[in-house]
Every structure is written in C-alpha cells, then in structure tokens.
There are 2 protein chains.
Amino acid sequence: MIQELKDNYGHLFEKELINEIAQVGTFKEVPAGYTMMAIGDYIRGVPLLISGAIKVMREDKEGDELLLYYLESGETCSMTMNCCMGHTKSEIKAVAEQDTKLIMVPVQKMEEWTAKYKSWRDFVFQSYHNRLNEVLHILDSVAFEKMDQRLVNYLKEKVRINDSNTIQNTHQEIAYDLHSSRVVISRLLKKLEQMGAIELHRNHIKIIDLE
Amino acid sequence: MIQELKDNYGHLFEKELINEIAQVGTFKEVPAGYTMMAIGDYIRGVPLLISGAIKVMREDKEGDELLLYYLESGETCSMTMNCCMGHTKSEIKAVAEQDTKLIMVPVQKMEEWTAKYKSWRDFVFQSYHNRLNEVLHILDSVAFEKMDQRLVNYLKEKVRINDSNTIQNTHQEIAYDLHSSRVVISRLLKKLEQMGAIELHRNHIKIIDLE
DNA sequence: CATTGTATGTAACCTTTGTTACACCATAAC
DNA sequence: GTTATGGTGTAACAAAGGTTACATACAATG
C-alpha cells in the first residue's frame with residue numbers, strides 16, 4: 001500500500017502523512033459498475049483514489065439521475081468531506097466507472113490532519129476547489145447548452161476518462177447520465193453519425209472525430 | 001468595526017482572530033445594485049458580510065446570466081477563496097442585492113489564519129460546504145424542474161432574502177436571473193396571478209400565497 | 001397636456017425536447 | 001433451428017419554452 005500511496009500521492013503529501021495514511025487506511029478494490037455510495041448513505045470514510053475512475057451522480061426524488069463528474073487517481077471526494085462535516089447523509093451517488101483501487105481513510109483523521117499537515121489542508125482545499133468548478137461547469141452545460149452540445153461534451157469526457165475511442169454504453173445509459181430520454185439520444189447520435197463524427201454499433205460507439 | 005465583527009462573527013471566531021481581522025480588514029459600504037465583482041476580475045480580498053445581501057451569478061460567453069445564490073451576513077464567498085487558491089480570475093459575478101456592509105480581508109491572511117486558527121478553518125470549510133450545496137440545489141432546479149416551479153422557488157427566495165412580500169423587480173430582471181425570456185416569465189407570472197398566488201403591478205410584485 | 005421611454009399583456013409561430021408506439025435486428029438461451 | 005430479450009431506428013405527436021411582433025398602459029419630463 002505504501003508504494004501505491006507514494007506513486008499517487010508522494011508529490012502531494014510529506015512522508016509522515018503518507019505513513020499515517022498507510023497505518024489507518026484500508027486498501028479496497030472495486031469492480032466496474034459497483035455502487036460505492038447511494039443517496040442517503042452514511043459516510044464511513046474518505047476515499048483516496050489509486051487507479052481507475054468513479055462516476056459521481058446527482059439524483060432527484062423520482063430517481064432521475066444526472067452525471068456530475070468523474071474522480072480519477074490522486075483525487076478524493078469533497079462531497080464525502082462535505083457530508084462528514086455537516087454530519088449529514090450523502091447527497092450523491094457514486095458508481096465505479098472502471099475497476100478501481102482506492103484507500104479508505106476514517107473520517108476522524110480528517111480534522112486531525114487538517115490541523116497537523118499543511119499538505120493535507122492544501123489537498124482538501126484543492127479538492128473542494130476542483131469539485132466546485134466541475135459542478136459549475138455541469139451547471140453551465142445544463143443551463144446554457146442544448147442537448148446536442150451536451151452530448152458531444154459527454155462523449156469527449158468519456159473518451160478522456162476511459163482513454164479509449166470506443167464507448168461501451170447503450171443509448172439508454174447515456175440518456176440516464178444526461179437526464180434525457182433514449183429516443184432523443186438515439187436521434188442526436190444518428191445525426192452525429194451522419195456528420196461522420198461517430199460510428200454507431202450495438203452496445204458501443206466508436207468516436208471518429210468530435211473536432 | 002470591532003463591534004460589528006463581534007456581533008456577526010463573535011460566535012464563530014476567537015477573540016484574537018477578531019482582533020486580527022479588525023487590524024488588517026477594511027470596512028466597506030456598497031449600495032444596492034453595485035457590481036462588486038465581474039467575470040475575469042482579479043481578486044483583491046475576501047469579503048466578510050456584516051449586513052445586507054449579495055447576489056452571486058454565473059455568466060456564459062454570450063453574457064447570458066444565471067442566479068446562483070445570495071450571500072448574507074455572517075457569510076463569505078467561497079468562490080473568492082476558490083479563485084485565490086487557484087490564482088485564477090473570477091468565474092462569477094457579484095452584485096449587491098441590498099445596501100450592504102462588509103469587511104474586506106487581504107487574501108494573504110487567509111492561508112496564515114487557516115494554519116493558526118481552528119475557527120477560521122472551520123469557517124472556511126463550512127463556507128465551501130454551504131456554497132457547494134447551494135450550487136447543487138440550483139443544478140437540481142435547472143436540471144429537474146420546469147420553469148413554473150423554478151419561478152415559484154425564485155420568488156420564495158426573494159421574499160426570504162429581502163424579508164418583504166413585495167418584490168421590486170421587472171419581469172425582464174427576473175428573466176435574466178432564471179436565464180429565460182421576458183415573455184415566458186410574464187406568461188407564468190400571469191398564471192400565478194390567476195391562481196391567486198401573487199398580484200402584479202408595474203415594477204413590483206406582491207406575494208400573496210405561494211403555498 | 002403631449003411626448004418619450006419603459007413595463008406589461010397577448011397572439012402567433014417555431015424549435016427543442018420528450019412521449020408513445022412499433023418495426024427490426026442481434027445475441028443468447030432453449 | 002426457434003424463441004426471448006434487449007438494443008436501435010423512426011414516425012407521429014405533444015408540451016415547454018423561446019421568438020417576433022404589436023398593442024396598451026404607466027410614469028416622468030418638458
């Protein structure tokens with residue numbers, strides 16, 4: 001575990017902090033598709049990602065979903081901290097986008113380290129900073145852009161996160177992420193195909209050129 | 001200034017911190033409607049609100065706006081901190097909703113106090129926590145609700161912030177805040193009037209009962 | 001009182017998005 | 001093979017919201 005911590009967090013944390021994390025943290029491996037947190041869950045710990053990616057979503061009362069952002073290696077979940085601080089339940093849902101390795105740190109340590117280590121403090125602030133910006137960008141997207149542009153952004157981000165030009169999703173799954181309907185997404189995807197930007201196949205989409 | 005700090009922040013900060021703030025902070029008074037920050041501005045300091053309220057907005061490239069939330073007394077602007085940390089320009093616009101009194105603290109002090117005072121640390125985290133939640137609620141609203149419901153939410157919030165059942169705005173101004181068009185807002189307001197929820201007048205709206 | 005500028009009301013129309021319905025096709029299960 | 005299941009394509013329609021256009025009303029000013 002120490003080695004993985006050094007590889008992914010060595011440039012962020014001082015040696016003593018790395019050691020403390022190694023002592024109290026527990027290593028976890030979760031498969032793609034695994035639901036790591038649901039709305040209303042109580043928070044047990046703060047995750048530090050080693051590899052893979054986690055998809056973070058918002059949900060309304062009717063169970064409608066909206067993709068917020070992805071967490072990648074070297075990142076943590078501000079929302080989790082958010083909940084710990086407020087001693088409230090989770091307001092988001094988190095699902096492994098890929099097979100993911102991470103270290104869970106008990107929440108009590110958070111405050112202790114915040115006082116003790118400048119590097120931890122900076123990390124937590126930076127994390128809040130990043131998350132706030134990402135939520136703002138999603139808000140921009142939902143408020144100011146039309147569905148065709150949102151779909152293109154979505155596909156680009158998928159390509160980046162999974163580092164592959166093939167997107168392994170059904171139209172229905174994409175519709176859930178964008179909080180739209182399958183028919184609308186199929187329609188817009190078909191338009192993109194006719195423009196030569198993508199190729200449609202059953203259960204996967206090949207990205208040619210989203211310019 | 002000390003007295004105002006004690007009144008509004010005495011329950012949050014220890015005496016030494018209050019004294020430090022009083023030493024380095026500058027007291028400001030801004031009239032309703034004053035633009036305190038525009039997109040792209042560099043940040044000079046962190047504001048601590050004493051009285052009044054500040055409207056925080058997002059803007060896209062075309063200059064279209066969207067109301068994010070209001071800052072009230074005892075609150076600060078995480079976005080500002082956000083920008084200080086990243087040494088980036090402002091991503092939001094801030095306009096005084098009412099005549100507002102506040103204290104500006106130079107950004108350099110922020111990091112110093114974060115190490116020195118637990119109460120300041122807690123305040124900053126709490127502030128991030130609140131802002132993140134507010135942005136999430138706006139996102140919920142934009143993503144999951146229709147314009148009629150968003151309008152009702154908007155009117156309710158206006159009543160709360162200004163502590164008055166009369167809203168001093170034109171339909172056009174409301175349309176800007178909700179990123180809609182004047183005609184749509186007039187249409188929906190008229191519907192609310194016919195339902196007996198509000199009374200429409202030139203330049204102001206009287207709220208009767210939004211249930 | 002006449003003029004001007006701004007706020008509001010309303011109709012007609014268009015675009016985007018969502019809904020329903022159904023056909024067709026690929027794959028896996030039998 | 002046949003059947004069942006789930007994914008995709010498409011048409012027809014509905015609803016929400018945005019746009020254009022214009023009438024009207026109010027208030028401030030000269």
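Quick caveat: nothing in here was measured; it's all calculated off a predicted structure. Computation of the quantities below employed the complete heavy-atom set of this structure, encompassing side-chain atoms and omitting hydrogens, waters and symmetry-equivalent molecules. Proteins get letters first, then strands, A, B, ... in listed order; numbering begins at 1 in each.
With no hydrogens or angles considered, a side-chain donor-acceptor pair links B:Glu199 and B:His201 at under 3.5 Å. A donor and an acceptor atom, one from each side chain of A:Asn153 and A:Glu157, are nowhere located under 3.5 Å apart. No side-chain donor-acceptor contact under 3.5 Å links A:Glu91 and B:Asn133. B:His171 and B:Ser186 form a side-chain donor-acceptor contact under 3.5 Å, judged by distance and modelled atom types alone. Under the 3.5 Å distance criterion, with hydrogens and angles disregarded, a donor-acceptor pair is assigned to the side chains of B:Gln3 and B:Asp7. Side chain to side chain, A:Asn162 and A:Glu97 meet the donor-acceptor criterion of an N or O pair below 3.5 Å. Neither side chain, A:Glu75 nor A:Asn130, offers a donor N or O lying under 3.5 Å from an acceptor on the other.
With rounding to whole Å, A:Arg187 atom CZ is found 14 Å from D:dC13 atom P. The nearest whole Å value for the distance from the CD1 atom in B:Ile185 to the P atom in D:dT19 is 12 Å. Taking atom CZ of A:Arg182 as the reference point, atom C1' of D:dG9 lies 7 Å away to the nearest angstrom. Between A:Leu188 atom CG and D:dT8 atom P there is a gap of 15 Å when expressed in whole angstrom units.
Ring planes of B:Trp120 and B:Trp113: perpendicular class, angle over 60° (limits at 30 and 60°). The aromatic rings of B:Phe123 and B:Phe13 lie perpendicular to each other, with more than 60° between the two planes, well past the 30° mark.
Between A:His179 and B:Lys190, it is B:Lys190 whose nearest contact on DNA chain C lies nearer the 5' terminus.
Under the 3.5 Å distance criterion, the side-chain polar atoms of B:Glu145 are left unmatched by any main-chain donor or acceptor of B:Val142.
Heavy atoms of A:Thr170 sit under 4.0 angstrom from primed sugar atoms or phosphate atoms, though from no base atom.
Mapping heavy-atom proximity under 4.0 Å, the span of DNA chain C touched by chain B runs 5' to 3' from C:dG5 to C:dA12.
Remark: A:Leu200, A:His201, A:Arg202, A:Asn203 in residues 195-211 of chain A come within less than 4.0 Å of DNA chain D through at least one heavy atom. Near DNA chain C, defined here as any heavy-atom distance below 4.0 Å, the residues from residues 136-150 of chain A are A:Lys146, A:Met147, listed numerically.
Across D:dT10, D:dG9, D:dT19, the shortest atom-to-atom separation from the side chain of A:His171 is found for D:dG9.
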Step-by-step salt bridge (charged side-chain N to carboxylate O under 4.0 Å, His left out) determination, B:Lys55 to B:Asp177: CA-CA 10 Å; B:Lys55 185 164 127 176; B:Asp177 282 352; 3.1 Å; yes
